Amino acid sequence: MRVLKFGGTSLANPERFMQAADIIEKAHLKSQAAGVLSAPAKITNHLVAIVDKAIAGESFEQNLSEATAIFHNIINGLHAVNNKVDREGLLALVEAELKQIQGVAQEAAQSKSLPDSVAATIHCRGEKLSIAMMQAWFEAKGYEVTNINPVEKLLALGSYLESSVDIEESTKRVDANAIPKKNIVLMAGFTAGNEKGELVLLGRNGSDYSAACLAACLNAECCEIWTDVDGVYTCDPRLVPDAICLESMSYQEAMELSYFGAKVIHPRTIGPLVPLNIPCLIKNTGNPSGKGTYIDGNISDDGLKVKGITNLDNVAMFNVSGAGMQGMVGMASRVFSSMSKAGISVILITQSSSEYSISFCVPAKSAEKALAALNAEFAPELTENLLDPIDIIKDLSIVSVVGDGMRTAKGIAARFFSALAQANISIVAIAQGSSERSISAVVPLNKAIEAVKATHKRLFSNKKVVDMFLVGVGGVGGSLIEQVKQQKEFLAKKDIEIRVCALANSDKMLLNENGLNLDNWQQDLENATQPSDFDVLLSFIKLHHVVNPVFVDCTSAQSVANLYARALKEGFHVVTPNKKANTSSYAYYQEMRENARQSQHKFLYETNVGAGLPVIENLQNLLAAGDEVEKFEGILSGSLSFIFGKLEEGLSLSEATLLAKEKGFTEPDPRDDLSGADVARKLLILAREMGLALEFEDIEVEGVLPQGFSEGMNKEEFLSVLPELDAEFNKRIEAAKVEGKVLRYVGSIANGKCRVAIESVDSEHPLYKVKNGENALAFFTRYYSPIPLLLRGYGAGNSVTAAGIFADILRTLHGGAQ
């Protein structure tokens, strides 16, 4: 005998109902089968709503109508396939049952109440009708059916709405030997009978438990739970698409997972099967050929130390604490005895080693009742201030990692908690089962899904995912998008995926939690209707529980730079070539870094100074290794490097500037380059990296242009008067040449001061040969002296800068804050 249970989704319409019947029939032909059925999907919800609305004085006609339509659809569908199905008889039965329910509801509307004993008979009516329809189907096909009445055969103890089955007594009543071998066996789930013969329920969604009880009573060879997923997954596949379907697990693992919220198995399903070592098989009605998950008493050696990650939501945590607790005998006993007397299930317990406090979790719906029980139990101690007022924290979730292999595996707990830390999830409490097969962390309810995603990624997946939110899609941003597209296959081989979840310009943005299609991103962005809004981005990452969001700013806007501190605090990594943030006030500079430190997220800006040159990382590594910068000199502008190189070759200032503009080396208005402000910003960033608490105003700047030159002119007028400076510049060039020197536009840091100016350097100077658009940075340190550490190369260009940003984005995959 095999017992097969089918849930509501497997019976939701005629096609699924017949598919379930086919599975039962095939199992019966191999080895006699017993089918345990739930109500069709949505039926129980409608039945509960009917009586609840009646008591509340609300109309329940829509629920009654929709329930009727579901049954009629299934019955008509069965009859259409096999006209021997007793359609009229079934329709009459449905009408009679629902009419009786309507009568009970009308009485409840008048009395404003409904006894639990009556409510129980209403809530389970869907199961009764499922059995009637399935029996009619098999009888129409010529099978004989034994219909086990659970009210008569399953003895249960408890309340009308939540009871437990006495397996020993029920086994005597069922008497497997009295069931003919040729008969298909059917039994309604969710239902049993008490000692008085009254109908009682086995708890909401208790049909799995019914099936396990019947399997135990029949000493079945297997209990099969047929549902709408392929088996038990390492976590909810709706939350984590790459969750793994387990081929096998032990009874203990299954019980731990179900206890802590795994919805594919009812928490009480496994209990009746264990004493008789009856295996349980979880299968998908929509994929009957799939292997499913096999659960028995063996600990499988499949290489998986962890079998699952669950989240049990909507719990409240109580903390009973006070100086008077230390050494007080029987405190724990009184705490949990009070919960037991109040009929409250305690989910998780933890106690401080100092005996100063006991913390435990209960379902949120029981929180007020639990608080009242504790206040009553400890009223004398609370009055005498031996205990602190009972502390309660609501809106929590318990995230648990479960697996038999955890007892022997090292580092599971460390990986679990580090995953939560990297996802910026605070842990309220921690508990480990004495069996060492589970570790649980209590976290804020709104962080539970992120906790599951982050933990699963850390424990089960080698794949590293970056969710990129890009603001600024001009030259640099556009190049970055193309590089992401080009490197997709290469990164996939290294188990890395970069999903571009947002693209934004100054006006509008595109959003997709699964990653945007980048094939026609320019056109898609042009047609977008969502206005650019940082608050929308924040809501987006919270709504979709994005674990590793990276905010990439490829603009030069101060307004976007002003968002970094908030972005870091809210859970983004920040990557940017925009220098405005790091050259804003020193207070904001510190705020960004503090937010990054506290949130354990990275603030990366390698491209702020040398574009594609690895300046910042090398400087940080030097300082981290204990080195100290004694002096710095550098050419930090590709445009000015080009211009001064051309001056050396004999071009005038105006000719060199115009040529640089034509080649696209300068800003649209070359005065932005010639002012020296951009070089001063880069120098300030380096100075601050070295620990100097300077403001932008502290930088001494000698621009290429005299103070006030071309003031009030547009750029065309400026270019027309620029030749007026040629003669003076020629004199400076010639004077340097006489001394064997050349002019360079240099940023320098020495003795705590920063200066940007035109300098004459000789052939021994590390910047002497730097021209044609190259950048060069010379760090004179305690380790690198008298010959400096020199970083040199082309530092400008959209592709070079984008490559530097790309490298920073990949660095967010490594742990620790920047």
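Numbering of residues begins at 1 and proceeds along the displayed sequence. What you are looking at is a predicted structure, and each value in this text was computed from that prediction instead of being measured.
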Start with the C-alpha gap between Ile347 and Tyr259, add the side-chain angles, then the distance that decides, and say whether side-chain contact (heavy atoms from CB on, under 4.5 Å) holds. CA-CA 9 Å; Ile347 305 168; Tyr259 179 77; 4.0 Å; yes
How close do [X] and [Y] get, counting heavy atoms only, and between which atoms?
X: Glu25; Y: Lys141; value: OE1-NZ, 2.8 Å
X: Ala370; Y: Met339; value: O-CE, 3.5 Å
X: Asn63; Y: His46; value: ND2-ND1, 3.1 Å

Does Glu139 have any salt bridge (charged side-chain N to carboxylate O under 4.0 Å, His left out) partners at least two apart in sequence or in another chain, and if so, which? none
If you measure from [atom1] on [X] to [atom2] on [Y], what distance do you get to the nearest 0.5 Å?
X: Asp296; Y: Ser248; atom1: CG; atom2: OG; value: 7.5 Å
X: Leu78; Y: Leu90; atom1: CG; atom2: CG; value: 8.0 Å
X: Ile295; Y: Ser250; atom1: CD1; atom2: OG; value: 9.0 Å
X: Leu4; Y: Cys222; atom1: CG; atom2: SG; value: 8.0 Å
X: Asp404; Y: Arg437; atom1: CG; atom2: CZ; value: 4.5 Å
X: Cys217; Y: Glu168; atom1: SG; atom2: CD; value: 10.5 Å

Charged N to carboxylate O below 4.0 Å: is that the case for [X] and [Y]?
X: Glu224; Y: Arg2; result: yes
X: Lys128; Y: Glu97; result: yes
X: Glu450; Y: Lys447; result: yes

Got a sec, which residues hit side chain to side chain donor-acceptor pair (under 3.5 Å) with Asp116, two or more places apart in sequence or on another chain? none
Tell me, with the steps shown, if Lys463 and Asp242 meet salt bridge (Lys or Arg N to Asp or Glu O under 4.0 Å). CA-CA 10 Å; Lys463 188 176 183 180; Asp242 56 352; over 6 Å; no
Mind running side-chain contact (heavy atoms from CB on, under 4.5 Å) on Phe138 and Glu144 for me, showing each step along the way? CA-CA 7 Å; Phe138 279 121; Glu144 293 186 37; over 6 Å; no
Taking [Y]'s backbone N and O only, do any of them form a donor-acceptor pair with [X]'s side chain (distance below 3.5 Å, no angle check)?
X: Thr191; Y: Gly189; value: yes
X: Arg87; Y: Asn83; value: no
X: Ser258; Y: Ala254; value: yes
X: Lys153; Y: Val174; value: no
X: Ser340; Y: Phe336; value: no
X: Ser170; Y: Leu155; value: yes

Could you tell me which residues satisfy ring-ring contact (aromatic ring centres under 6.0 Å, His included) with Phe460, sequence neighbours excluded, listed by chain and number?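 Here the qualifying residues are His456.
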Can I get a per-line list of side-chain donor-acceptor pairs under 3.5 Å for residues 13-24, giving both atom names and the distance, sequence neighbours left out?
residue	atom	partner	partner atom	Å
Asn13	OD1	Glu15	N	3.2
Asn13	OD1	Arg16	N	2.8
Arg16	NH1	Thr9	O	3.0
Gln19	NE2	Thr285	O	3.3
Asp22	OD2	Lys26	NZ	3.3

When the ring planes of Tyr209 and His266 are compared, do they come out parallel, tilted or perpendicular, using 30° and 60° as the limits?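 Parallel: the ring planes of Tyr209 and His266 meet at under 30°.
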On the 0 to 90° scale, with breaks at 30° and 60°, tag the Phe360-Phe318 ring pair as parallel, tilted or perpendicular. parallel
If you define the side chain from C-beta out and look only at heavy atoms, does anything of [X] sit under 4.5 Å from [Y]?
X: Ile50; Y: Ile101; result: yes
X: Asp208; Y: Lys5; result: yes
X: Leu459; Y: Arg415; result: yes

Residue pair Phe416, Val399: steps toward the side-chain contact (heavy atoms from CB on, under 4.5 Å) verdict: CA-CA 10 Å; Phe416 176 28; Val399 176; 4.2 Å; yes
Judged by modelled atom types alone, do Gln432 and Ser440 share a side-chain donor-acceptor pair under 3.5 Å?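 Distance-only check fails for Gln432 and Ser440.
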Please check if atom [atom1] in [X] has more than 12 non-hydrogen atoms from other residues, nucleotides or ligands closer than 6.0 Å.
X: Glu61; atom1: CD; value: yes
X: Glu198; atom1: CD; value: yes
X: Gln62; atom1: CD; value: no

Evaluate Met249 against Lys307 for side-chain contact (heavy atoms from CB on, under 4.5 Å), listing each step before the verdict. CA-CA 7 Å; Met249 60 195 315; Lys307 286 296 180 72; 4.2 Å; yes
In residues 33-44, what donor-acceptor pairs under 3.5 Å come from side-chain atoms, sequence neighbours left out?
residue	atom	partner	partner atom	Å
Ser38	OG	Phe6	O	3.4
Ser38	OG	Ser207	OG	3.2

I need the single residue from Cys235, Ser397, Ser400 that forms a side-chain contact (heavy atoms from CB on, under 4.5 Å) with Val452. Which is it?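 Only one of Cys235, Ser397, Ser400 forms a side-chain contact (heavy atoms from CB on, under 4.5 Å) with Val452, namely Cys235.
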Side chain to side chain donor-acceptor pair (under 3.5 Å) partners of residues 175-189, not counting sequence neighbours, each pair once: Thr146-Asn183
